[in-house]
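Chain identifiers are assigned alphabetically (A, B, ...) following the order of the sequence lines, protein sequences preceding nucleic acid strands; residue numbering begins at 1 within each chain. In this text the structure is predicted, and so the values were computed from the model without any measurement.
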Protein chains: 2
Amino acid sequence: MATIYDVARLAGVSPATVSRVFNGTSVSPQKTEAVRRAAAELRFTPNRAARTLRRQSSEVIALIIPDIENPYFTEMARGVEDVASTAGYSVVLCNSDSQTEKESTYLRIAMAENMSGVILAAASDDPDIDEVLATGRPVVAVDRRTGREIDGVMMANREAGRIAAAHMLQLHDRVAYIGGPENIETAAERAQGWRQAHRDAGRAAPDELLRFSTFRVDGGRAAMEELLRLPEPPDAVVAGNNLIGVGAIQVLTEHGLTPPRLGVAVIGSLPFTTLSPSVVSVVRLPAREMGVTAARMLLARIDGDRQQARTVVLGGELLSAEPAP
Amino acid sequence: MATIYDVARLAGVSPATVSRVFNGTSVSPQKTEAVRRAAAELRFTPNRAARTLRRQSSEVIALIIPDIENPYFTEMARGVEDVASTAGYSVVLCNSDSQTEKESTYLRIAMAENMSGVILAAASDDPDIDEVLATGRPVVAVDRRTGREIDGVMMANREAGRIAAAHMLQLHDRVAYIGGPENIETAAERAQGWRQAHRDAGRAAPDELLRFSTFRVDGGRAAMEELLRLPEPPDAVVAGNNLIGVGAIQVLTEHGLTPPRLGVAVIGSLPFTTLSPSVVSVVRLPAREMGVTAARMLLARIDGDRQQARTVVLGGELLSAEPAP
DNA sequence: TTGAAAGCGCTAACAC
DNA sequence: GTGTTAGCGCTTTCAA
């Protein structure tokens, strides 16, 4: 790989001038042209490690998510990437696998690589970000709060849970809820919405129909199996995220209870569904928009935005499978 | 962030000794201990930009895929990541979006960042990798060939197509095929398998039932719609990849033809399916294994393996929905 | 506008 | 085994 010295020699200028051409400071038109020509001829690309070392920052942002195989997060990643790449930033996608340890490793790497900032969908409610913040690098939280005074983009989880459950309660009596791990705020909030819907309908929330599981397909499967084994099983279920929805519907299908035989509402889009859209209600969560918003906030911070930390809350949209009364 | 000079001062040794402690060359136990203590106290993490600049290589590998929202590729990514992170390497996941231009950009970044190697699922059959290869960095091709003499891990595409079609031909007469873009080898090979199956069965391949589309859900949808509008529609269909399968089944469902009313075989796993496993035949492609194998080959090359380029071909596994005769 | 030169933090060759 | 030192390729003062 050619260096600026090679380019400088070929163009008959100093290395500093080459650098200036590539960084937009004023250079005479002739020299600019000569440098461009030489750079093209040598297929010169600035060495990023050197640039990063010198500048103490690189045009890379880290996006750390808990599950790269979950379409909700990949959709969000697309949003982040589109905004970032338009602004000339690259995105490094890191999969924490919901493990705080892996997450910390990636956070250290982000620092050690002098990355410009981090977008974090945290694996726990107390992620290891203080050191990153101490270096002055911005962090934006997505989907899950961090307990820090930083920018964030969240979903209206409680409201999403409430809408989904309320919708089911219009046509069903015993509406179950399967959520993610109780210690993850997202999951807890959505469950609160389910409770709220019962209260709003003047009923007691049937806690025997509430299950906290994992945000994965197998979690949805296990919980649904359990619910069906109950002496008095539910006649409808709210799935706390997309993958739980998939697992629950799989189990229902295996038991001959494919929706709408048993009512199903899912929080988040049903990924790659092959069901008719008219049989399952979905509270669509705008994942891509969450990514776009987070990326914009982060870039603004990188550009020196110093205003107080803001949290943007995005609402879900009910795509109803069943008629409102 | 602390530097090795800070650590050296605190530990009462030279910077070189600190470096040695972190790089495994011989240092006396006492000094090692002193350095470790000082490093811990200062929360020292080696600056990667500096290390990379000096070493001319970083412990990062790039994984470039055409569609980050396709579970086939994210499953592969998991395989790559598991192997790489065990070996102390980080994986940077790049989404080329099937655009050769974006792909080239990421390849340049990989070079400019001095990454150790690249795993590439190419967007075209002639990707822009010669410069990377010229720098001596290894590239391993996955899923799609590159026309270069480099290591690769491919699926037995033709065979997968043949098995899927042969299976459908056991119970059906008019077996259609919907594949990805004809100019992508993967797609063309699988279609050849479909033709082969017809020949093997002593029939002419019904080319009016062959559709080349995109490897996405909308591609599968459009092609399936077309096929159903035919004066003499098919009674079974082979989907050339997972997402085409999803799109095709969606359309069938909307037309009241949910499998098994019309026979469906899919090449690749049906992502997050909510169908009963007994209604759709799947030729499972071992995506994770492809990633694992590719990562191992790449790491071996990085470690100096100089043997001739090899291509590993992985076979698919038929998960049958319908009884063999 | 341009060039010379210092230095970002680290590693590796060399000297002891 | 350990320290000194040069230098990876770039950006950015400082002077001209």
Atom [atom1] of [X]: over 12 foreign heavy atoms under 6.0 Å:
X	atom1	value
A:Arg36	CZ	no
B:Glu33	CD	yes
A:Arg43	CZ	no
A:Glu149	CD	no

Got a sec, which residues hit salt bridge (charged side-chain N to carboxylate O under 4.0 Å, His left out) with A:Arg216, two or more places apart in sequence or on another chain?
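If we apply the salt bridge (charged side-chain N to carboxylate O under 4.0 Å, His left out) test to A:Arg216, skipping adjacent residues, the hits are A:Asp218.
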By salt bridge (charged side-chain N to carboxylate O under 4.0 Å, His left out), which residues pair with A:Glu113, not counting sequence neighbours?
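Salt bridge (charged side-chain N to carboxylate O under 4.0 Å, His left out) check on A:Glu113 returns B:Arg48.
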Protein-proximity profile, nucleotides 6-16 of chain C, B/S/- by nucleotide at the 4.0 Å heavy-atom cutoff, equals BBBBBBBB---
Considering only heavy atoms of chain B and a distance under 4.0 Å, specify the first and last nucleotide of DNA chain D in 5' to 3' order that meet this criterion.
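Listing 5' to 3', DNA chain D meets chain B from D:dG1 to D:dG9.
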A:Thr17 side chain near C:dG3 phosphate (N/O to OP1/OP2, under 4.0 Å)
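For C:dG3, OP1 or OP2 has a side-chain N or O of A:Thr17 closer than 4.0 Å.
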Does the side chain of A:Ser14 get closer than 4.0 angstrom to OP1 or OP2 of C:dT2 through an N or O atom?
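No, A:Ser14 has no side-chain N/O under 4.0 Å of OP1/OP2 on C:dT2.
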Once side-chain hydrogen bond (donor to acceptor under 3.5 Å, both in side chains) is applied, what residue pairs with a partner in residues 116-127 of chain B remain, sequence neighbours excluded?
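Output for this query lists B:Asp126-B:Arg148.
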Take the C1' atoms of the five end pairs on each side of the helix from C:dT1-D:dA16 to C:dC16-D:dG1, derive the two axes, and give their angle rounded to 10 degrees.
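Its terminal axes enclose an angle near 40°.
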Test log, rule side-chain contact (heavy atoms from CB on, under 4.5 Å), inputs A:Val80 and A:Ile119:
CA-CA 9 Å; A:Val80 170; A:Ile119 296 177; 3.9 Å; yes
side-chain contact (heavy atoms from CB on, under 4.5 Å), that's the test. Do B:Ile68 and A:Leu93 meet it? Break it down for me.
CA-CA 10 Å; B:Ile68 198 192; A:Leu93 189 53; 3.3 Å; yes
Value rounded to 0.5 Å, distance of CZ in B:Arg20 from NZ in B:Lys31
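So the gap between those two atoms works out to 10.5 Å.
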